[in-house]
Amino acid sequence: MNTQDFLLELGTEELPPKLLKQLSNSLSSNLTKQLNELNLSFDKVTSFATPRRLAVLVNNLQCQQEDQIIERKGPALSAPTQAIEGFAKSCGVAIDALDKKALKGTDYYFFTQEKKGSKMQDLLENIVDTAIKNIPITRAMRWGDLDFNFVRPVHWLVMILGSDIVKANIMGLDSGNSTRGLRFTGEQVFSINNAKDYQKTLLDKAQIEVDFDLRKQAIRNQVMQVASENNATAVIDESLLDEVCALVEYPCAFSGGFDERFLKVPEEALISAMKSHQKYFHMIDDEGRLLPAFISVANIESSDLSVIVDGNERVIRPRLTDSEFFWEQDKSRTLESRIAKLDSVLFMDGLGSMGEKAKRIGTLSTYIADIIGANTKHSARAGLLSKTDLITDMVGEFADLQGVMGGYYALNDGEDPVVASAISEHYHPRFSGDTLPCTKEGLCVAIADKVDSIVGIYGIGHKPTGSKDPYALKRSALGLLRMMIESKSQLDLFKLIRESVKLYEFGEEIIQEIYDFIVGRLEMYYQEQGIDKSVVRAVLAIKSSSNVIYDWHLRIKAIYKFVQNEDSKSLIEANKRIVSIFKDISSEDMPVGCTYSSIGISRRTDSSDINTYRDIEFTNQFDENLLNACTKLWIKIDKDQQDYLVIIDTLLELKPAIDDFFNNVRVLDDDLELRRDRVCLLLAMRESFYSIANFLYLSK
């Protein structure tokens, strides 16, 4: 089979940096989909992206589409003549040229035609046009008097199969093999002679690394090198690094400085100004303190770098001056004096003001503090002040500093440091993998804030769907679960939701629905840890009197350990067999009120002698062995109620006794008394299984 490498490059004006990777991946995915739908073979698809170009290289693309046999099914032989004639006419043949085939006992007319495979040169125009048009773009642009639209105006189109230009006209552009370099240096326009040489040609001719990941690594190395030259460490934020990589084609990192007086401003404000406005990386010394310096990445190599450095220093100065002004201005008023103004700030239509939300958070924080052992006074105070920094000038300019600046202002006001810490960390976790609040009081306010938002938004009918979650309730629910699990909190989630519902004065009918929504996110939480959803569902299927999420966590971890053991398969099948047996048991065979408690466990938990747990007597050794093994398990369940790992280890020890029992004993014995004793034993054993999870969910 003849194959060639195919190159597509779409040249544009500067693409939105935060969308560059998404646009590149979408183009590559769409092109791959088009090729697969046409049954065209290829080895590998590689995507490239810079601020001014999206490119895809397809290695060893099939150059000739294979011939195809096309078969169309027509009407039955018994159909009216008019219908048969219409089918033949649509196929362009006479009726006698049609084939006749039987299908499920009925004879039909068929039209069979061999279609010659098209040359790749003839297919690529439509393939590429479709791939580009299917890129999802929320805000498309038009330019000139053209009817085309794209995320940015397009200026050139490269389509090469091997070394041959693929003739096409897409979005008003005629394809060719000419690409463009940097705007102000080197060769402005040059040719790509062969598709396979694309990456090397751009690097040789224009020093442009079109591979996003390689360019990103080069920027990282340059930034680290510049920091080393300044005897400092660069703090590299990955999202900022991605954005910078999407802004430059020819990266050239350099350092600059600013006046040390700005270091009196909280460093988060300075860092935010450098990152969000200027896309600078900041540097720290050996002790982790912010240095009055920054690292920027230019898109060109300058013969006089000092000019670029001076320009950037002049640009950052007014930004930092603004931060300094906001800091001094905000300190002139206390957070407490801002509480009243929160009443004029809308939380959400239908849910009142931010002032009302802050009061609810304060009340709910007090409730949580009582349970987890935090200081109730500090928790309530932090909750009440938690949103006051929203109306400060600093947060008005840098929204990402919510909470952080509140903590600084609280310290400036003379609030207790515990209160200040709780305010500063109550938005955590803000995203997957983010840190949790470090203090119990911060945990109280963070949990209260997230629960209040979920209950409120859910309560007015804005429930998330499978595809839409405009208020990020799923993310909030995951953050809430993380806090309750990783802090080992004994909070009852159902009761917590009920307290929040009371504060909103909603009807209690929504409590269970909100509870189910939050708990339903556990599957996602554990999926990120590699735990199969069947394990989570097995635990959640148990109707427990406790709605403590940390208790669910302990069960899930224990069941996950259980399924890793080879013996678990036998026990899962044994549980399945027990359930099946009970389907065949008549009411007269079923003992009344038989549980492991009725056998004697609950009355003798102070004993360690297995023989004292014997209200049922057996003469068969297999019955006896299973009873003894189960008795050990029941003791563990009663004495180590939350030590599910110990209980699981004991459960695994049941395997030999259970295997022998089912291999040698007839449960539904003719002796009615013996039958009932055995059924009672199995009932008690099933109850012990269900004390941890519903093992039926673990059956494959």
Side-chain angles (χ1 to χ4, degrees), residues 1-12 22-49 53-73 90-93 111-137 140 146-151 153-180 191-199 201-202 210-211:
M1 181 185 297
N2 186 24
T3 64
Q4 292 280 4
D5 293 334
F6 170 66
L7 171 68
L8 163 67
E9 183 190 59
L10 182 64
T12 71
Q22 179 183 329
L23 293 168
S24 175
N25 292 337
S26 181
L27 177 60
S28 176
S29 175
N30 292 347
L31 191 66
T32 303
K33 181 181 178 183
Q34 292 292 310
L35 296 175
N36 287 332
E37 287 180 354
L38 292 172
N39 296 316
L40 297 167
S41 67
F42 53 89
D43 286 348
K44 186 176 70 170
V45 175
T46 307
S47 59
F48 302 100
R53 73 198 76 231
L54 298 173
V56 181
L57 178 64
V58 183
N59 293 117
N60 293 324
L61 177 62
Q62 179 181 338
C63 291
Q64 174 74 42
Q65 192 179 31
E66 294 180 4
D67 297 342
Q68 295 177 303
I69 301 296
I70 299 175
E71 187 175 72
R72 288 179 59 191
K73 175 177 168 292
S90 70
C91 296
V93 297
F111 173 69
T112 304
Q113 182 183 39
E114 182 178 354
K115 182 180 179 182
K116 188 75 173 175
S118 301
K119 292 182 179 179
M120 184 55 60
Q121 288 271 8
D122 300 328
L123 295 171
L124 281 170
E125 180 175 21
N126 185 61
I127 290 173
V128 170
D129 187 47
T130 303
I132 293 174
K133 286 179 178 177
N134 287 339
I135 296 175
I137 299 171
L146 302 174
D147 292 331
F148 314 110
N149 62 74
F150 196 58
V151 65
V154 298
H155 292 300
W156 75 89
L157 176 67
V158 174
M159 289 176 61
I160 311 173
L161 188 63
S163 58
D164 298 327
I165 295 173
V166 178
K167 295 297 183 182
N169 184 282
I170 296 173
M171 289 195 292
L173 298 173
D174 289 325
S175 60
N177 66 346
S178 294
T179 187
R180 301 186 188 181
S191 299
I192 301 169
N193 297 322
N194 196 296
K196 65 182 176 62
D197 297 328
Y198 173 65
Q199 187 175 359
T201 301
L202 266 292
V210 289
D211 186 300

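Position 1 is the first residue of the sequence; numbering continues from there.
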Enquirer: Less than 4.5 Å apart, side chain to side chain, heavy atoms only: is that true for L202 and I192?
Expert: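 Heavy-atom side-chain distance check passes, below 4.5 Å.
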Enquirer: Is the backbone of R180 close enough, under 3.5 Å, to the side chain of R53 for a donor and an acceptor to pair up by distance?
Expert: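 Yes; at least one donor-acceptor contact below 3.5 Å.
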Enquirer: How far apart are the closest heavy atoms of S28 and V45, and which atoms are they?
Expert: OG-CG1, 3.4 Å
Enquirer: Do L27 and I132 touch side chain to side chain, with heavy atoms closer than 4.5 Å?
Expert: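 They are in side-chain contact.
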Enquirer: May I ask you to decide if E125's main-chain N or O and D129's side chain share a donor-acceptor pair within less than 3.5 Å?
Expert: no
Enquirer: Any heavy-atom pair between the side chains of F48 and D211 that's under 4.5 Å?
Expert: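 The answer is yes; the side chains approach within 4.5 Å.
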Enquirer: Taking salt bridge (charged side-chain N to carboxylate O under 4.0 Å, His left out) as the test, write out the residues that go with D164, two or more places apart.
Expert: none
Enquirer: Is any side-chain heavy atom of L157 less than 4.5 Å from a side-chain heavy atom of L8?
Expert: yes
Enquirer: Specify the closest pair of heavy atoms between V158 and S178, including all atoms of both residues, with the distance to one decimal.
Expert: CG2-O, 3.3 Å
Enquirer: To the nearest 0.5 angstrom, please state how far the OG atom of S163 sits from the CG atom of D5.
Expert: 10.5 Å
Enquirer: Starting at CG of L38, measure out to OG of S41 and round the result to the nearest 0.5 Å.
Expert: 12.0 Å
Enquirer: For the residue pair A140 and N149, what are the closest heavy atoms and their distance?
Expert: CB-OD1, 3.4 Å
Enquirer: Taking T201 for the side chain and D197 for the main chain, is one N or O donor matched with an acceptor at less than 3.5 Å?
Expert: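 Yes, the answer is positive, given that a donor and an acceptor are paired below the 3.5 Å cut-off.
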Enquirer: To the closest 0.5 Å, what do you measure between CG (L61) and CG (L124)?
Expert: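 Here the rounded value is 6.5 Å.
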Enquirer: Looking only at non-hydrogen atoms, find the nearest pair between F111 and V93 and report the distance.
Expert: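 Nearest pair, atom of F111 first, then V93: CE1-CG1, 3.7 Å.
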Enquirer: Kindly say whether N30 contributes a backbone atom to a donor-acceptor pair with the side chain of N134 at under 3.5 angstrom?
Expert: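 A pair under 3.5 Å: no.
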Enquirer: How close do L31 and A131 get, heavy atom to heavy atom, and via which atoms?
Expert: N-CB, 3.8 Å
Enquirer: Roughly how far, to the nearest 0.5 Å, is the CD1 atom of I127 from the NZ atom of K33?
Expert: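 If I round to the nearest 0.5 Å, the distance is 13.5 Å.
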Enquirer: For residues 165-175, which side-chain donor-acceptor pairs fall under 3.5 Å, sequence neighbours excluded?
Expert:
from	atom 1	to	atom 2	distance (Å)
N169	ND2	D174	OD1	2.7
S175	OG	V166	O	2.5
S175	OG	A168	N	2.9
S175	OG	A168	O	3.4

Enquirer: Quick one: pull up CD1 in I135 and CG in L10 and give me the separation to the nearest 0.5 Å.
Expert: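 Separation between the atoms: 7.5 Å.
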Enquirer: Taking all heavy atoms of N39 and all of Q62, pick out the closest pair and write down the distance.
Expert: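 Heavy atoms of N39 and Q62 come nearest at O-OE1, 3.8 Å.
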Enquirer: Who are the side-chain contact (heavy atoms from CB on, under 4.5 Å) partners of N126, not counting sequence neighbours?
Expert: T130
Enquirer: From the options K196, M120, M159, select the one residue that forms a side chain to side chain contact (heavy atoms under 4.5 Å, CB included) with F6.
Expert: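 Output: one option passes, namely M159.
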Enquirer: Let me see the working for N59 and D43 under side-chain hydrogen bond (donor to acceptor under 3.5 Å, both in side chains), right down to the final yes or no.
Expert: CA-CA 5 Å; N59 293 117; D43 286 348; over 6 Å; no
Enquirer: Once rounded to the nearest 0.5 Å, what's the spacing between atom CG of N25 and atom OG1 of T32?
Expert: 10.5 Å
